[in-house]
Amino acid sequence: MGEYMIFSLKKKTLILISLFSLVFGGAALFLCSYIVDDIVTADYTSKVRHLATATGHQIDGDKAAKIQKKVMKIYRHTENKVGSEEWGTPAFNEYISLFDDVTKMKEYTEIHDQMEGIQDDNEVSSVYLIYVDKETRNGIYLVDAAHDDPCPPGCFDPIYEVNYESLENPERGYPPYITNTEPYGWLITCAVAVKDSSGEVVCYAAVDASMTEIRAKQRKFFYLTGAVFLVLIILITVVGYVVINRYIVKPIRELSTAARKYCDTDLKSGKGGFSHIVVTSHDEIRELADSMKQMEYDLNEYISNLLRTREQLVRTRERAELMSEMANKDSLTGLRNKRAYEVDIERLTQEIQDGYARFGIVMVDMNYLKRMNDNYGHDKGDYALQKLTRMICDSFKHSPVYRFGGDEFVVIVENIDYRDVNELVRGFRESIDASDKNENLDPWERVSAAIGFAIYDEHRDKTVDDVFHRADDSMYEQKTKMKGGNPEER
């Protein structure tokens with residue numbers, strides 16, 4: 001029996017313990033990482049908010065106002081503004097050169113030195129003054145104390161959507177927000193309004209603090225914690241495996257051995273099985289043995305009943321299949337009947353509704369059947385119908401054929417026959433014409449029939465009946481020609 005096992009109970013137990021340990025360990029790891037990230041973010045947010053607030057209070061608003069007015073005067077009178085996205089290009093350098101006089105202002109130098117000191121004392125990436133233009137929604141740099149690639153006066157960036165509220169409420173400034181860009185990495189930014197002596201907001205004192213290094217430390221912490229959790233998972237798995245193997249797997253294996261011997265026993269001999277097992281202990285094992293004996297008896301009775309029921313079901317199914325076949329089959333020709341046609345029409349209707357219908361309908365109507373029955377007998381008429389059936393089936397080998405009435409036949413062409421329908425109809429007409437003109441045949445062998453067809457057109461046909469009627473009209477038109485203008489002659 002063991003050779004058929006894909007996973008033994010022992011392996012399943014090991015997998016189950018490992019999965020539970022991984023799930024709970026992973027959840028704990030990510031929760032721990034989330035908590036640490038939340039703490040670090042909160043700490044940086046508080047630091048940047050306080051530093052931006054302190055900077056905003058220390059900056060002389062009147063001096064900042066002078067710088068702002070001069071920068072914005074140049075900015076507004078410059079038609080070809082070049083943003084920081086073109087940093088280092090000749091066009092950008094030419095645009096920035098328009099603001100060279102700003103850096104020579106006494107106020108600019110004083111504020112720059114003041115912010116540089118704040119920046120160095122607090123170990124942040126950058127402390128700068130920025131003005132937000134409502135019309136262009138750009139943040140225009142006034143003074144930037146950054147040591148690496150400071151943004152010169154007049155340099156501008158579009159403000160983030162999160163800061164749009166400052167356009168309507170300037171005193172709000174920029175509440176702390178985090179960005180992660182390729183040039184700067186992780187940054188947390190906060191900006192506080194700087195006011196002049198009249199209380200008007202002239203610009204914002206902004207602080208950028210880099211979180212790239214701390215994020216790297218967080219990842220290192222995450223990996224280290226993950227390794228610790230992995231070791232714990234392995235230990236839990238090993239201990240769990242030993243305990244379960246000793247107290248669960250081993251007893252069940254012993255019961256499995258007894259059951260295997262029971263299955264290998266020839267029960268007809270009256271030996272073996274569970275009936276011969278005698279358990280003298282009064283515990284759960286005794287209860288299990290008694291339950292197995294009762295189960296053996298019940299199973300034998302149940303299987304006997306199942307076998308009898310199965311035989312009855314097989315006979316019932318065979319009768320149902322025979323009745324279904326008879327209900328959908330024409331007894332004379334062996335073709336599908338009108339009832340079977342209606343079932344298939346439901347499928348085609350659904351395909352039309354779904355928008356991927358590709359089919360055609362061919363109508364065949366036998367000529368002179370009544371005359372043949374009257375002159376030669378119904379057996380000859382039946383022979384002619386059977387011959388016409390073979391001719392239709394030979395022409396449309398890949399399509400279902402239905403006997404629709406006494407002398408009417410319908411073909412639903414799809415797939416290969418749908419593609420070649422014109423050629424198949426032409427071939428059928430040639431076969432009919434050859435049969436009708438063959439004077440060596442008996443009259444009931446000289447089969448004559450009219451054929452017409454129509455292909456489903458999504459622009460003309462709403463239902464399958466629309467295609468059917470067009471095919472019927474096409475057949476009727478040929479029948480009229482074949483009978484010299486008298487299609488009603490049967």
Enquirer: Is the backbone of Arg371 close enough, under 3.5 Å, to the side chain of Asn375 for a donor and an acceptor to pair up by distance?
Expert: yes
Enquirer: Check Leu388 against Ala449 and note the closest heavy-atom contact, atom names and distance.
Expert: CD1-CB, 4.0 Å
Enquirer: With a 4.5 Å cut-off on side-chain heavy atoms, are Pro443 and Lys380 touching?
Expert: no
Enquirer: As an exercise, state the distance from SG of Cys393 to CG of Leu335, rounded to the nearest 0.5 Å.
Expert: 5.0 Å
Enquirer: Run through Phe359, Tyr418, Tyr356 and flag the one making a ring-ring contact (aromatic ring centres under 6.0 Å, His included) with Tyr456.
Expert: Phe359
Enquirer: Take atom OH in Tyr160; do more than 12 heavy atoms of anything else shown fall under 6.0 Å from it?
Expert: no
Enquirer: When you look at Val410 and Met363, which way does the side chain to side chain contact (heavy atoms under 4.5 Å, CB included) test go after all the steps?
Expert: CA-CA 5 Å; Val410 177; Met363 298 286 297; 3.6 Å; yes
Enquirer: Are there more than 12 heavy atoms of other residues, nucleotides or ligands under 6.0 Å from atom CD of Glu86?
Expert: yes
Enquirer: If you count the non-hydrogen atoms of other residues, nucleotides and ligands that lie under 6.0 Å from CD in Gln353, is the total more than 12?
Expert: yes
Enquirer: Would you find more than 12 non-hydrogen atoms of other residues, nucleotides or ligands less than 6.0 Å from Lys81 atom NZ?
Expert: yes
Enquirer: Under the 3.5 angstrom rule, does the side chain of Asp466 hit a backbone N or O of Lys462 as a donor-acceptor pair?
Expert: yes
Enquirer: With a 4.5 Å cut-off on side-chain heavy atoms, are Asn138 and Tyr75 touching?
Expert: yes
Enquirer: Would you please indicate if the ring centroids of Phe409 and Tyr402 are separated by under 6.0 Å?
Expert: no
Enquirer: Is the count of non-hydrogen atoms from other residues, nucleotides or ligands lying under 6.0 Å from Glu94 atom CD greater than 12?
Expert: no
Enquirer: List the atom of Gly406, the atom of Leu369, and the distance in Å for their closest heavy-atom pair.
Expert: O-CD2, 4.0 Å
Enquirer: Do Met391 and Ile432 make a side-chain contact, defined as non-hydrogen atoms from C-beta onward lying under 4.5 Å apart?
Expert: yes
Enquirer: Using the rule given for side chain to side chain contact (heavy atoms under 4.5 Å, CB included), can you reason through Cys155 versus Phe92, listing the C-alpha separation, both sets of side-chain angles and the distance that settles it, and then say yes or no?
Expert: CA-CA 9 Å; Cys155 180; Phe92 177 81; 4.1 Å; yes
Enquirer: Could you report the tightest heavy-atom contact between Gly452 and Ser474, atom names first, then the distance?
Expert: CA-OG, 3.4 Å
Enquirer: Are side-chain heavy atoms of Val421 and Val425 found at a separation under 4.5 Å?
Expert: yes
Enquirer: Search all heavy atoms of Asn93 against all heavy atoms of Gly88 and return the closest pair with its distance.
Expert: ND2-O, 3.6 Å
Enquirer: Nearest 0.5 angstrom please: Ile392 CD1 to Leu424 CG, how far?
Expert: 13.0 Å
Enquirer: Taking atom CD of Gln350 as the centre, does the number of heavy atoms from other residues, nucleotides or ligands within less than 6.0 Å exceed 12?
Expert: yes
Enquirer: Apply salt bridge (charged side-chain N to carboxylate O under 4.0 Å, His left out) to Lys370 and Asp374, showing your working.
Expert: CA-CA 6 Å; Lys370 183 177 183 304; Asp374 294 342; 3.0 Å; yes
Enquirer: Examine distances only and state if a side-chain atom of Thr349 and a backbone atom of Ile345 form a donor-acceptor pair shorter than 3.5 Å.
Expert: yes
Enquirer: CZ/Arg403 to OG/Ser331 distance, rounded to the nearest 0.5 angstrom?
Expert: 7.5 Å
Enquirer: How far does OG1 of Thr463 sit from CG of Asp461, to the nearest 0.5 angstrom?
Expert: 7.5 Å
Enquirer: For a quick check under 3.5 Å, do Thr136 and Asp133 share a side-chain donor-acceptor pair by atom type?
Expert: yes
Enquirer: Nearest 0.5 Å, please: how far is NE2 in His398 from CG in Asp420?
Expert: 8.5 Å
Enquirer: Would you check if Val364 and Phe428 make a side-chain contact, meaning some heavy-atom pair closer than 4.5 Å?
Expert: yes
Enquirer: So which pairs with a foot in residues 341-352 pass salt bridge (charged side-chain N to carboxylate O under 4.0 Å, His left out), sequence neighbours left out?
Expert: Arg336-Asp344, Arg347-Glu351, Arg347-Glu414
Enquirer: Does Val467 reach the side chain of Arg460, with side-chain heavy atoms less than 4.5 Å apart?
Expert: no
Enquirer: For Ile188, does its backbone N or O pair with a side-chain atom of Thr179 as donor and acceptor, under 3.5 Å?
Expert: no
Enquirer: Can you tell me how far the CG atom of Asp436 sits from the OG atom of Ser448, to the nearest 0.5 Å?
Expert: 4.5 Å
Enquirer: Which pair of non-hydrogen atoms, one from Gly360 and one from Ile455, has the smallest distance, and what is that distance?
Expert: CA-CD1, 3.9 Å
Enquirer: Could you check whether Asp382 and Gln386, counting side-chain N and O atoms only, form a donor-acceptor pair closer than 3.5 Å?
Expert: no
Enquirer: Using side chain to side chain contact (heavy atoms under 4.5 Å, CB included), reason through Ile130 and Phe156 one step at a time and then give a plain yes or no.
Expert: CA-CA 9 Å; Ile130 190 169; Phe156 63 89; over 6 Å; no
Enquirer: Quick one: do Asp442 and Arg446 make a salt bridge, cutoff under 4.0 Å?
Expert: no
Enquirer: For a quick test of reading the model, state the closest non-hydrogen atom pair linking Asp417 to Lys397 and the distance between them.
Expert: OD2-N, 3.8 Å
Enquirer: Start with the C-alpha distance between Val413 and Phe453, add both sets of side-chain angles, then the distance that settles side chain to side chain contact (heavy atoms under 4.5 Å, CB included), and finish with yes or no.
Expert: CA-CA 10 Å; Val413 289; Phe453 75 97; over 6 Å; no
Enquirer: Centres of the Tyr204 and Tyr174 rings: under 6.0 Å?
Expert: yes
Enquirer: Would you kindly say whether Thr333 and Asp330 are connected by a side-chain donor-acceptor distance under 3.5 Å?
Expert: yes
Enquirer: Is it the case that the ring center of Phe404 lies less than 6.0 angstrom away from the ring center of Phe468?
Expert: yes
Enquirer: Is there side-chain contact between Pro158 and Arg137, with at least one heavy-atom pair below 4.5 Å?
Expert: no
Enquirer: Does the side chain of Tyr476 reach to within under 4.5 Å of the side chain of Asp365, using non-hydrogen atoms?
Expert: no
Enquirer: Taking atom types as modelled, is there a side-chain donor on Lys479 or Asn367 under 3.5 Å from an acceptor on the other?
Expert: yes
